[in-house]
Undergrad: 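Please see the structure below; I have some questions.
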Amino acid sequence: MEPRADIAVIGLAVMGQNLILNMNDHGFTVVAYNRTTSKVDDFLANEAKGTNILGARSLAEMVALLKKPRRVMLMVKAGKPVDEFIEQLLGVLEPGDIIIDGGNSLFEDTIRRTQYVESKGLLYIGTGVSGGEEGARRGPSIMPGGSPAAWPHVKPIFQAIAAKVADGTPCCDWVGEGGAGHYVKMTHNGIEYGDMQLICEAYHLMKDGLGMTPDEMHEVFKEWNTGELDSYLIEITRDILAKKDDDGTPLVDKILDTAGQKGTGKWTVISSQEMGIPITLIAEAVYSRCVSALKDQRVKAAKAFKPGKTRFAGDRREWVHAIRQALYASKIISYTQGYMLMRAAAQQYSWHLNYGGIALMWRGGCIIRSVFLGEIKNAFDRKPKLDNLLLDPFFKKAIKGCVRNWRKVVSMAVRKGIPVPAFSTALAFFDGIRSERLPANLLQAQRDYFGAHTYERVDKPRGEFFHTNWTGTGGRVASSTYTV
Ligand code: 2AM
(Lines give C-alpha, C1' and ligand atoms only; values in the text may rest on other atoms or scores of the structure.)
Protein backbone atom coordinates (compact mmCIF):
# COMPACT_ATOMS: atom_id res chain seq x y z
CA MET A 1 0.00 0.00 0.00
CA GLU A 2 1.38 3.35 -1.00
CA PRO A 3 1.43 5.87 1.85
CA ARG A 4 -0.46 8.68 0.17
CA ALA A 5 -2.95 9.94 2.75
CA ASP A 6 -2.36 13.29 4.47
CA ILE A 7 -4.37 12.50 7.57
CA ALA A 8 -6.53 9.80 9.12
CA VAL A 9 -9.78 10.50 10.93
CA ILE A 10 -11.11 7.93 13.36
CA GLY A 11 -14.79 8.18 14.25
CA LEU A 12 -17.50 8.39 11.63
CA ALA A 13 -20.28 10.05 13.57
CA VAL A 14 -21.57 13.18 11.86
CA MET A 15 -18.80 15.54 13.09
CA GLY A 16 -16.09 13.13 11.93
CA GLN A 17 -17.72 12.56 8.55
CA ASN A 18 -18.20 16.26 7.93
CA LEU A 19 -14.62 17.12 8.85
CA ILE A 20 -13.39 14.44 6.45
CA LEU A 21 -15.56 15.80 3.63
CA ASN A 22 -14.34 19.32 4.42
CA MET A 23 -10.69 18.17 4.29
CA ASN A 24 -11.36 16.38 1.01
CA ASP A 25 -12.89 19.55 -0.47
CA HIS A 26 -9.63 21.33 0.32
CA GLY A 27 -7.50 18.83 -1.58
CA PHE A 28 -6.31 16.64 1.28
CA THR A 29 -6.35 12.87 1.03
CA VAL A 30 -8.07 11.49 4.11
CA VAL A 31 -8.28 7.95 5.34
CA ALA A 32 -11.39 7.14 7.36
CA TYR A 33 -11.62 4.55 10.11
CA ASN A 34 -14.27 3.61 12.66
CA ARG A 35 -14.47 1.06 15.46
CA THR A 36 -17.57 -0.42 13.82
CA THR A 37 -15.99 -0.92 10.41
CA SER A 38 -19.29 -1.36 8.57
CA LYS A 39 -19.65 2.42 9.00
CA VAL A 40 -16.51 2.87 6.88
CA ASP A 41 -18.12 0.96 4.04
CA ASP A 42 -21.39 2.86 4.45
CA PHE A 43 -19.56 6.17 4.38
CA LEU A 44 -17.53 5.29 1.26
CA ALA A 45 -20.65 4.06 -0.54
CA ASN A 46 -22.72 7.13 0.32
CA GLU A 47 -21.44 10.51 1.57
CA ALA A 48 -17.86 9.91 0.39
CA LYS A 49 -18.77 8.42 -2.99
CA GLY A 50 -16.86 10.00 -5.86
CA THR A 51 -14.30 11.69 -3.56
CA ASN A 52 -10.63 10.88 -2.89
CA ILE A 53 -11.45 9.63 0.60
CA LEU A 54 -9.91 6.26 1.47
CA GLY A 55 -11.26 3.71 3.91
CA ALA A 56 -9.41 1.47 6.33
CA ARG A 57 -10.83 -1.61 8.07
CA SER A 58 -8.03 -1.89 10.60
CA LEU A 59 -5.63 0.50 12.33
CA ALA A 60 -2.70 -1.28 10.62
CA GLU A 61 -4.25 -0.66 7.21
CA MET A 62 -4.94 2.98 8.17
CA VAL A 63 -1.34 3.53 9.31
CA ALA A 64 0.08 1.98 6.14
CA LEU A 65 -1.81 4.53 4.05
CA LEU A 66 -0.43 7.57 5.90
CA LYS A 67 2.47 9.80 4.86
CA LYS A 68 5.02 10.55 7.62
CA PRO A 69 4.87 12.07 10.12
CA ARG A 70 1.52 10.37 10.41
CA ARG A 71 -1.40 12.49 11.51
CA VAL A 72 -4.30 10.67 13.13
CA MET A 73 -7.33 12.62 14.34
CA LEU A 74 -9.78 11.12 16.81
CA MET A 75 -13.40 12.22 16.50
CA VAL A 76 -14.80 9.75 19.02
CA LYS A 77 -16.81 10.07 22.20
CA ALA A 78 -14.93 11.98 24.91
CA GLY A 79 -13.61 9.97 27.85
CA LYS A 80 -12.48 6.35 27.82
CA PRO A 81 -12.73 5.80 24.03
CA VAL A 82 -10.02 8.46 23.56
CA ASP A 83 -7.67 6.75 26.02
CA GLU A 84 -8.36 3.36 24.46
CA PHE A 85 -7.58 4.61 20.96
CA ILE A 86 -4.42 6.37 22.15
CA GLU A 87 -3.22 3.07 23.62
CA GLN A 88 -3.95 1.20 20.39
CA LEU A 89 -2.36 3.91 18.25
CA LEU A 90 0.83 3.89 20.33
CA GLY A 91 1.16 0.25 19.28
CA VAL A 92 1.06 1.02 15.56
CA LEU A 93 2.53 4.54 15.20
CA GLU A 94 6.17 5.65 15.44
CA PRO A 95 8.04 8.41 17.29
CA GLY A 96 7.36 11.76 15.64
CA ASP A 97 3.82 10.78 14.59
CA ILE A 98 0.93 12.96 15.78
CA ILE A 99 -2.26 11.98 17.57
CA ILE A 100 -5.00 14.62 17.53
CA ASP A 101 -8.14 14.59 19.68
CA GLY A 102 -10.86 16.74 18.12
CA GLY A 103 -13.60 15.77 20.58
CA ASN A 104 -14.99 17.70 23.53
CA SER A 105 -12.45 16.41 26.03
CA LEU A 106 -11.95 17.84 29.47
CA PHE A 107 -8.77 19.93 29.43
CA GLU A 108 -7.30 18.04 32.38
CA ASP A 109 -7.48 14.81 30.35
CA THR A 110 -5.72 16.61 27.51
CA ILE A 111 -2.93 17.80 29.82
CA ARG A 112 -2.43 14.20 30.98
CA ARG A 113 -2.61 12.73 27.47
CA THR A 114 -0.16 15.26 26.04
CA GLN A 115 2.40 14.31 28.69
CA TYR A 116 1.77 10.61 28.19
CA VAL A 117 2.00 10.63 24.39
CA GLU A 118 5.09 12.87 24.48
CA SER A 119 6.70 10.44 26.96
CA LYS A 120 6.41 7.80 24.22
CA GLY A 121 8.20 10.04 21.71
CA LEU A 122 5.07 11.02 19.76
CA LEU A 123 3.28 14.37 19.56
CA TYR A 124 -0.22 15.20 20.77
CA ILE A 125 -2.83 17.80 19.96
CA GLY A 126 -6.09 18.33 21.81
CA THR A 127 -8.26 20.66 19.78
CA GLY A 128 -11.59 22.32 20.23
CA VAL A 129 -13.78 22.19 17.14
CA SER A 130 -16.81 24.44 17.26
CA GLY A 131 -19.63 25.19 14.90
CA GLY A 132 -21.68 22.04 15.10
CA GLU A 133 -22.29 19.74 12.15
CA GLU A 134 -22.66 22.55 9.67
CA GLY A 135 -19.46 24.19 10.91
CA ALA A 136 -17.52 20.95 10.60
CA ARG A 137 -18.68 20.62 7.00
CA ARG A 138 -18.31 24.24 5.82
CA GLY A 139 -15.73 25.75 8.16
CA PRO A 140 -15.50 25.36 11.92
CA SER A 141 -13.58 27.37 14.46
CA ILE A 142 -10.61 25.20 15.43
CA MET A 143 -8.68 25.72 18.70
CA PRO A 144 -5.62 23.46 18.84
CA GLY A 145 -3.26 23.02 21.78
CA GLY A 146 -0.81 20.36 22.94
CA SER A 147 2.73 19.64 21.68
CA PRO A 148 3.99 22.84 19.98
CA ALA A 149 6.20 20.77 17.64
CA ALA A 150 3.07 19.21 16.14
CA TRP A 151 1.54 22.51 15.06
CA PRO A 152 3.51 23.09 11.80
CA HIS A 153 2.41 19.63 10.63
CA VAL A 154 -1.31 20.18 11.14
CA LYS A 155 -1.47 23.91 10.46
CA PRO A 156 -1.96 23.69 6.66
CA ILE A 157 -4.85 21.26 7.02
CA PHE A 158 -6.58 22.96 9.95
CA GLN A 159 -6.26 26.48 8.58
CA ALA A 160 -7.53 25.34 5.16
CA ILE A 161 -10.69 23.77 6.54
CA ALA A 162 -11.43 26.40 9.21
CA ALA A 163 -13.95 29.23 8.83
CA LYS A 164 -12.50 32.47 7.46
CA VAL A 165 -13.25 36.03 8.53
CA ALA A 166 -13.96 38.69 5.90
CA ASP A 167 -10.30 39.33 5.05
CA GLY A 168 -9.64 35.60 4.64
CA THR A 169 -7.90 35.04 7.98
CA PRO A 170 -8.67 31.53 9.23
CA CYS A 171 -10.50 31.01 12.53
CA CYS A 172 -7.76 28.67 13.67
CA ASP A 173 -4.42 29.37 15.25
CA TRP A 174 -2.15 27.73 17.78
CA VAL A 175 -3.66 28.24 21.23
CA GLY A 176 -0.94 26.95 23.54
CA GLU A 177 0.69 24.04 25.28
CA GLY A 178 -0.93 20.99 26.91
CA GLY A 179 -4.65 21.36 27.48
CA ALA A 180 -4.83 25.00 26.31
CA GLY A 181 -6.91 24.21 23.21
CA HIS A 182 -9.55 22.31 25.11
CA TYR A 183 -9.54 24.92 27.88
CA VAL A 184 -10.26 27.67 25.40
CA LYS A 185 -12.98 25.56 23.81
CA MET A 186 -14.50 24.96 27.25
CA THR A 187 -14.45 28.70 27.95
CA HIS A 188 -16.08 29.27 24.56
CA ASN A 189 -18.89 26.95 25.58
CA GLY A 190 -19.27 28.72 28.92
CA ILE A 191 -19.51 32.07 27.14
CA GLU A 192 -22.05 30.50 24.81
CA TYR A 193 -24.19 29.60 27.85
CA GLY A 194 -23.93 33.24 28.97
CA ASP A 195 -24.81 34.71 25.57
CA MET A 196 -27.85 32.45 25.28
CA GLN A 197 -29.07 33.32 28.77
CA LEU A 198 -28.69 37.06 28.08
CA ILE A 199 -30.79 36.75 24.94
CA CYS A 200 -33.41 34.75 26.85
CA GLU A 201 -33.62 37.45 29.52
CA ALA A 202 -34.09 40.15 26.87
CA TYR A 203 -36.86 38.02 25.36
CA HIS A 204 -38.47 37.49 28.77
CA LEU A 205 -38.47 41.24 29.47
CA MET A 206 -39.97 42.05 26.08
CA LYS A 207 -42.57 39.30 26.41
CA ASP A 208 -43.72 39.89 30.01
CA GLY A 209 -42.55 43.44 30.67
CA LEU A 210 -43.61 44.95 27.34
CA GLY A 211 -46.25 42.44 26.25
CA MET A 212 -44.67 41.90 22.86
CA THR A 213 -45.58 39.07 20.50
CA PRO A 214 -43.01 36.74 18.90
CA ASP A 215 -43.55 38.54 15.58
CA GLU A 216 -42.83 41.91 17.20
CA MET A 217 -39.75 40.50 18.91
CA HIS A 218 -38.62 38.99 15.62
CA GLU A 219 -38.50 42.53 14.24
CA VAL A 220 -36.48 43.72 17.25
CA PHE A 221 -33.88 40.94 16.91
CA LYS A 222 -33.72 41.62 13.18
CA GLU A 223 -32.76 45.20 13.93
CA TRP A 224 -30.34 44.23 16.70
CA ASN A 225 -28.58 41.92 14.29
CA THR A 226 -27.54 44.87 12.16
CA GLY A 227 -25.60 46.64 14.92
CA GLU A 228 -23.17 45.98 17.74
CA LEU A 229 -25.05 42.80 18.72
CA ASP A 230 -24.75 41.28 15.22
CA SER A 231 -24.06 37.60 15.93
CA TYR A 232 -25.05 34.06 15.10
CA LEU A 233 -27.11 33.66 18.29
CA ILE A 234 -29.09 36.88 17.71
CA GLU A 235 -29.64 35.80 14.11
CA ILE A 236 -31.04 32.38 15.02
CA THR A 237 -33.20 33.96 17.75
CA ARG A 238 -34.65 36.29 15.10
CA ASP A 239 -35.50 33.26 12.95
CA ILE A 240 -36.81 31.15 15.83
CA LEU A 241 -39.28 33.91 16.78
CA ALA A 242 -40.69 33.99 13.25
CA LYS A 243 -41.18 30.22 13.04
CA LYS A 244 -44.80 29.06 13.08
CA ASP A 245 -46.15 25.71 14.18
CA ASP A 246 -48.39 23.70 11.82
CA ASP A 247 -51.44 25.56 13.14
CA GLY A 248 -49.88 28.92 12.27
CA THR A 249 -49.13 30.01 15.84
CA PRO A 250 -45.58 30.77 17.02
CA LEU A 251 -43.66 27.54 17.65
CA VAL A 252 -41.59 29.09 20.43
CA ASP A 253 -44.71 29.38 22.62
CA LYS A 254 -45.28 25.63 22.37
CA ILE A 255 -41.82 24.61 23.55
CA LEU A 256 -41.55 23.36 27.12
CA ASP A 257 -39.50 25.75 29.26
CA THR A 258 -37.00 23.31 30.75
CA ALA A 259 -33.42 23.51 29.48
CA GLY A 260 -30.89 20.71 29.32
CA GLN A 261 -27.10 20.83 29.41
CA LYS A 262 -24.22 18.60 28.52
CA GLY A 263 -21.68 19.89 31.01
CA THR A 264 -19.15 22.21 29.40
CA GLY A 265 -20.77 25.25 31.03
CA LYS A 266 -20.53 23.46 34.34
CA TRP A 267 -16.85 22.61 33.74
CA THR A 268 -16.13 26.29 33.10
CA VAL A 269 -17.72 27.24 36.40
CA ILE A 270 -15.93 24.45 38.31
CA SER A 271 -12.62 25.60 36.87
CA SER A 272 -13.38 29.21 37.79
CA GLN A 273 -14.10 28.17 41.37
CA GLU A 274 -10.78 26.35 41.56
CA MET A 275 -9.01 29.33 40.08
CA GLY A 276 -10.82 31.91 42.24
CA ILE A 277 -12.04 33.88 39.25
CA PRO A 278 -15.57 35.35 39.35
CA ILE A 279 -17.30 34.30 36.16
CA THR A 280 -20.60 35.13 37.77
CA LEU A 281 -22.53 35.52 34.54
CA ILE A 282 -21.72 32.06 33.18
CA ALA A 283 -22.45 30.60 36.63
CA GLU A 284 -25.89 32.25 36.62
CA ALA A 285 -26.47 30.95 33.10
CA VAL A 286 -25.75 27.40 34.24
CA TYR A 287 -27.94 27.79 37.35
CA SER A 288 -30.74 29.33 35.28
CA ARG A 289 -30.89 26.12 33.30
CA CYS A 290 -31.07 24.24 36.60
CA VAL A 291 -33.96 26.46 37.78
CA SER A 292 -35.73 25.92 34.47
CA ALA A 293 -35.42 22.17 34.93
CA LEU A 294 -37.36 22.37 38.22
CA LYS A 295 -40.64 22.71 36.36
CA ASP A 296 -42.82 20.86 38.88
CA GLN A 297 -41.53 22.90 41.81
CA ARG A 298 -41.96 26.08 39.79
CA VAL A 299 -45.56 25.24 39.02
CA LYS A 300 -46.28 24.74 42.74
CA ALA A 301 -44.39 27.87 43.81
CA ALA A 302 -46.18 29.91 41.15
CA LYS A 303 -49.47 28.99 42.83
CA ALA A 304 -48.12 29.83 46.27
CA PHE A 305 -46.63 33.19 45.26
CA LYS A 306 -48.89 34.54 42.54
CA PRO A 307 -47.05 37.09 40.42
CA GLY A 308 -48.43 40.60 40.24
CA LYS A 309 -48.67 42.74 37.13
CA THR A 310 -45.41 42.50 35.20
CA ARG A 311 -46.07 45.21 32.62
CA PHE A 312 -43.59 48.12 32.48
CA ALA A 313 -45.02 51.63 32.32
CA GLY A 314 -43.66 53.98 29.69
CA ASP A 315 -42.70 54.04 26.06
CA ARG A 316 -42.13 50.63 24.52
CA ARG A 317 -39.50 51.82 22.03
CA GLU A 318 -37.49 53.37 24.82
CA TRP A 319 -37.68 50.17 26.85
CA VAL A 320 -36.57 48.07 23.88
CA HIS A 321 -33.59 50.38 23.46
CA ALA A 322 -32.82 50.13 27.18
CA ILE A 323 -33.00 46.33 27.08
CA ARG A 324 -30.65 46.32 24.11
CA GLN A 325 -28.16 48.39 26.08
CA ALA A 326 -28.52 46.20 29.18
CA LEU A 327 -27.82 43.16 27.02
CA TYR A 328 -24.79 44.76 25.41
CA ALA A 329 -23.27 45.90 28.73
CA SER A 330 -23.88 42.49 30.31
CA LYS A 331 -22.25 40.82 27.33
CA ILE A 332 -19.16 42.97 27.78
CA ILE A 333 -19.03 41.85 31.42
CA SER A 334 -19.38 38.19 30.44
CA TYR A 335 -16.47 38.34 28.00
CA THR A 336 -14.43 40.35 30.49
CA GLN A 337 -14.96 37.54 33.00
CA GLY A 338 -14.22 34.83 30.41
CA TYR A 339 -10.94 36.50 29.53
CA MET A 340 -10.07 36.87 33.22
CA LEU A 341 -10.57 33.14 33.56
CA MET A 342 -8.36 32.26 30.59
CA ARG A 343 -5.66 34.58 31.90
CA ALA A 344 -5.72 32.87 35.30
CA ALA A 345 -5.64 29.41 33.68
CA ALA A 346 -2.69 30.42 31.52
CA GLN A 347 -0.82 31.44 34.64
CA GLN A 348 -1.78 28.32 36.55
CA TYR A 349 -0.83 25.90 33.76
CA SER A 350 2.04 27.94 32.21
CA TRP A 351 0.34 28.37 28.86
CA HIS A 352 1.25 31.21 26.53
CA LEU A 353 -2.19 32.18 25.32
CA ASN A 354 -2.65 34.59 22.46
CA TYR A 355 -5.75 36.50 23.60
CA GLY A 356 -6.32 38.46 20.39
CA GLY A 357 -5.84 35.23 18.42
CA ILE A 358 -8.53 33.57 20.55
CA ALA A 359 -10.99 36.38 19.72
CA LEU A 360 -10.15 35.91 16.06
CA MET A 361 -10.72 32.14 16.29
CA TRP A 362 -14.16 32.82 17.79
CA ARG A 363 -14.91 35.57 15.30
CA GLY A 364 -16.22 33.09 12.72
CA GLY A 365 -17.32 29.47 12.46
CA CYS A 366 -18.40 28.90 16.06
CA ILE A 367 -21.65 29.40 17.94
CA ILE A 368 -20.57 32.65 19.64
CA ARG A 369 -19.32 34.22 16.40
CA SER A 370 -20.10 37.92 16.33
CA VAL A 371 -19.04 41.39 15.30
CA PHE A 372 -18.35 41.96 18.99
CA LEU A 373 -15.40 39.53 18.90
CA GLY A 374 -13.83 41.71 16.23
CA GLU A 375 -13.84 44.51 18.81
CA ILE A 376 -12.14 42.25 21.35
CA LYS A 377 -9.49 41.40 18.75
CA ASN A 378 -8.99 45.14 18.17
CA ALA A 379 -8.62 45.71 21.91
CA PHE A 380 -5.82 43.12 22.12
CA ASP A 381 -4.21 44.51 18.96
CA ARG A 382 -4.14 47.92 20.66
CA LYS A 383 -2.70 46.46 23.85
CA PRO A 384 -1.58 42.80 23.74
CA LYS A 385 -1.02 42.73 27.50
CA LEU A 386 -4.46 44.20 28.32
CA ASP A 387 -5.40 42.61 31.63
CA ASN A 388 -9.01 43.65 31.83
CA LEU A 389 -11.27 44.15 28.84
CA LEU A 390 -13.30 46.76 30.72
CA LEU A 391 -10.30 49.06 30.77
CA ASP A 392 -9.91 49.07 26.99
CA PRO A 393 -11.04 52.50 25.73
CA PHE A 394 -13.64 51.04 23.34
CA PHE A 395 -15.34 48.90 25.97
CA LYS A 396 -15.01 51.53 28.66
CA LYS A 397 -16.90 53.98 26.47
CA ALA A 398 -19.46 51.33 25.51
CA ILE A 399 -20.21 50.47 29.16
CA LYS A 400 -20.45 54.14 30.11
CA GLY A 401 -22.94 54.66 27.30
CA CYS A 402 -25.15 51.80 28.53
CA VAL A 403 -24.97 52.04 32.30
CA ARG A 404 -28.00 54.27 32.88
CA ASN A 405 -30.36 52.06 30.92
CA TRP A 406 -28.74 48.91 32.31
CA ARG A 407 -29.65 50.04 35.84
CA LYS A 408 -33.11 51.09 34.69
CA VAL A 409 -33.83 47.68 33.17
CA VAL A 410 -32.48 45.68 36.11
CA SER A 411 -34.33 47.77 38.68
CA MET A 412 -37.61 47.63 36.78
CA ALA A 413 -37.24 43.85 36.36
CA VAL A 414 -36.66 43.52 40.11
CA ARG A 415 -39.72 45.68 40.89
CA LYS A 416 -41.93 43.69 38.51
CA GLY A 417 -40.60 40.28 39.55
CA ILE A 418 -39.15 39.23 36.21
CA PRO A 419 -35.99 37.21 36.88
CA VAL A 420 -32.90 38.61 35.16
CA PRO A 421 -30.08 36.71 36.88
CA ALA A 422 -27.48 37.32 34.17
CA PHE A 423 -28.27 41.02 33.62
CA SER A 424 -28.23 41.66 37.36
CA THR A 425 -25.16 39.63 38.26
CA ALA A 426 -23.29 41.44 35.49
CA LEU A 427 -24.31 44.75 37.00
CA ALA A 428 -23.36 43.59 40.50
CA PHE A 429 -19.96 42.51 39.20
CA PHE A 430 -19.49 45.85 37.47
CA ASP A 431 -20.32 47.71 40.67
CA GLY A 432 -18.01 45.41 42.62
CA ILE A 433 -15.03 45.66 40.33
CA ARG A 434 -15.25 49.45 40.22
CA SER A 435 -15.46 49.72 44.02
CA GLU A 436 -12.17 50.77 45.49
CA ARG A 437 -13.41 49.77 48.91
CA LEU A 438 -15.69 46.78 49.48
CA PRO A 439 -17.12 45.56 52.80
CA ALA A 440 -14.52 42.78 52.99
CA ASN A 441 -12.93 44.69 55.87
CA LEU A 442 -15.90 43.64 57.99
CA LEU A 443 -15.67 40.13 56.61
CA GLN A 444 -12.03 39.87 57.65
CA ALA A 445 -13.00 41.14 61.09
CA GLN A 446 -15.63 38.40 61.34
CA ARG A 447 -13.11 35.78 60.29
CA ASP A 448 -10.62 37.04 62.80
CA TYR A 449 -13.33 37.15 65.49
CA PHE A 450 -14.41 33.52 65.23
CA GLY A 451 -11.35 31.87 63.73
CA ALA A 452 -8.38 34.13 64.51
CA HIS A 453 -7.67 34.30 60.77
CA THR A 454 -5.94 37.69 61.09
CA TYR A 455 -6.31 40.73 58.89
CA GLU A 456 -4.17 43.34 57.14
CA ARG A 457 -4.59 47.04 57.92
CA VAL A 458 -5.10 50.03 55.63
CA ASP A 459 -2.51 51.98 57.65
CA LYS A 460 0.21 49.28 57.47
CA PRO A 461 2.09 47.71 54.53
CA ARG A 462 0.52 44.71 52.75
CA GLY A 463 1.73 41.39 54.09
CA GLU A 464 1.66 42.36 57.77
CA PHE A 465 -1.02 40.44 59.64
CA PHE A 466 -2.84 41.43 62.81
CA HIS A 467 -5.05 39.62 65.25
CA THR A 468 -7.38 41.21 67.76
CA ASN A 469 -8.71 39.62 70.92
CA TRP A 470 -12.28 40.76 70.11
CA THR A 471 -14.06 39.52 73.21
CA GLY A 472 -11.30 39.78 75.74
CA THR A 473 -11.72 36.07 76.46
CA GLY A 474 -10.12 34.48 73.34
CA GLY A 475 -6.46 33.63 73.04
CA ARG A 476 -3.82 35.81 71.50
CA VAL A 477 -2.68 33.10 69.08
CA ALA A 478 -3.58 33.59 65.41
CA SER A 479 -4.79 30.67 63.33
CA SER A 480 -2.46 30.05 60.44
CA THR A 481 -3.57 26.65 59.17
CA TYR A 482 -7.34 26.64 59.45
CA THR A 483 -8.86 28.58 56.58
CA VAL A 484 -12.55 28.77 55.81
P1 2AM B 1 -18.94 3.35 16.76
O2 2AM B 1 -19.55 3.79 15.47
O3 2AM B 1 -18.17 2.07 16.62
O4 2AM B 1 -19.93 3.30 17.89
C5 2AM B 1 -19.27 8.77 18.20
O6 2AM B 1 -20.01 8.00 19.10
C7 2AM B 1 -18.06 8.01 17.70
O8 2AM B 1 -17.31 7.51 18.80
C9 2AM B 1 -18.39 6.82 16.83
O10 2AM B 1 -17.46 6.79 15.78
C11 2AM B 1 -18.23 5.66 17.78
O12 2AM B 1 -17.86 4.44 17.16
C13 2AM B 1 -17.08 6.12 18.62
N14 2AM B 1 -17.04 5.44 19.90
C15 2AM B 1 -17.91 5.57 20.93
N16 2AM B 1 -17.54 4.79 21.96
C17 2AM B 1 -16.42 4.16 21.58
C18 2AM B 1 -15.54 3.23 22.20
N19 2AM B 1 -15.76 2.82 23.47
N20 2AM B 1 -14.48 2.79 21.51
C21 2AM B 1 -14.26 3.22 20.26
N22 2AM B 1 -15.04 4.10 19.60
C23 2AM B 1 -16.10 4.57 20.25
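All ligand and atom numbering here is 1-based and tracks the order in the structure.
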Undergrad: Who gets closest to atom 1 (P) of ligand 1 by heavy atom: Leu74, Val82, Thr36?
TA: Thr36
Undergrad: Identify, for atom 16 (N) of ligand 1, the protein heavy atom at the shortest distance, and state residue, atom and that distance.
TA: Pro81 CG, 3.6 Å
Undergrad: Yes or no on salt bridge (charged side-chain N to carboxylate O under 4.0 Å, His left out) for Asp6 and Lys67, after CA distance, side-chain angles and deciding distance?
TA: CA-CA 6 Å; Asp6 297 299; Lys67 292 183 210 160; 2.7 Å; yes
Undergrad: Does this structure show an ion pair linking Arg324 with Glu228, if we count only N-O contacts that are shorter than 4.0 Å?
TA: yes
Undergrad: Who's the nearest protein heavy-atom neighbour of atom 22 (N) of ligand 1, and how far?
TA: Phe85 CE1, 3.5 Å
Undergrad: Give the contacting part of Ile10 toward ligand 1: side chain, backbone, both or neither, where contact means a heavy-atom distance below 4.0 Å.
TA: neither
Undergrad: Between the side chains of Asp167 and Thr169, does any donor sit under 3.5 Å from an acceptor?
TA: yes
Undergrad: Considering only heavy atoms, does Asn34 approach ligand 1 within less than 4.0 Å through its side chain, its backbone, both, or neither?
TA: side chain
Undergrad: Any chance the rings of Phe430 and Trp406 have centres within less than 6.0 Å?
TA: yes
Undergrad: Validate the cation-pi geometry between Arg57 and Tyr33: distance from NZ or CZ to the six-membered ring centre under 6.0 Å, angle to the ring axis within 45°.
TA: no
Undergrad: Using 30° and 60° as the class boundaries, would you call the ring planes of Trp224 and Phe221 parallel, tilted or perpendicular?
TA: perpendicular
Undergrad: Just which atoms of ligand 1 are under 4.0 Å from any heavy atom in Leu12?
TA: 10 (O)
Undergrad: Considering heavy atoms of the protein only, find what lies nearest to atom 8 (O) of ligand 1 and give residue, atom and distance to 0.1 Å.
TA: Lys77 N, 3.2 Å
Undergrad: Any atoms of ligand 1 less than 4.0 Å from a non-hydrogen atom of Gly11? List them with their elements.
TA: 10 (O)
Undergrad: Name the option, out of Gln88, Lys39, Arg35, that contains the heavy atom nearest to atom 18 (C) of ligand 1.
TA: Arg35
Undergrad: Quick one: is the NZ or CZ of Arg369 closer than 6.0 Å to the six-membered ring centre of Tyr232, and within 45° of its axis?
TA: yes
Undergrad: How far is atom 7 (C) of ligand 1 from its nearest protein heavy atom, and which residue and atom name does that atom have?
TA: Val76 CA, 3.9 Å
Undergrad: So, do Phe395 and Tyr335 have ring centers that fall under 6.0 Å from each other?
TA: no
Undergrad: Looking only at protein heavy atoms, which one is nearest to atom 5 (C) of ligand 1, and how far off is it?
TA: Ala13 CB, 3.7 Å
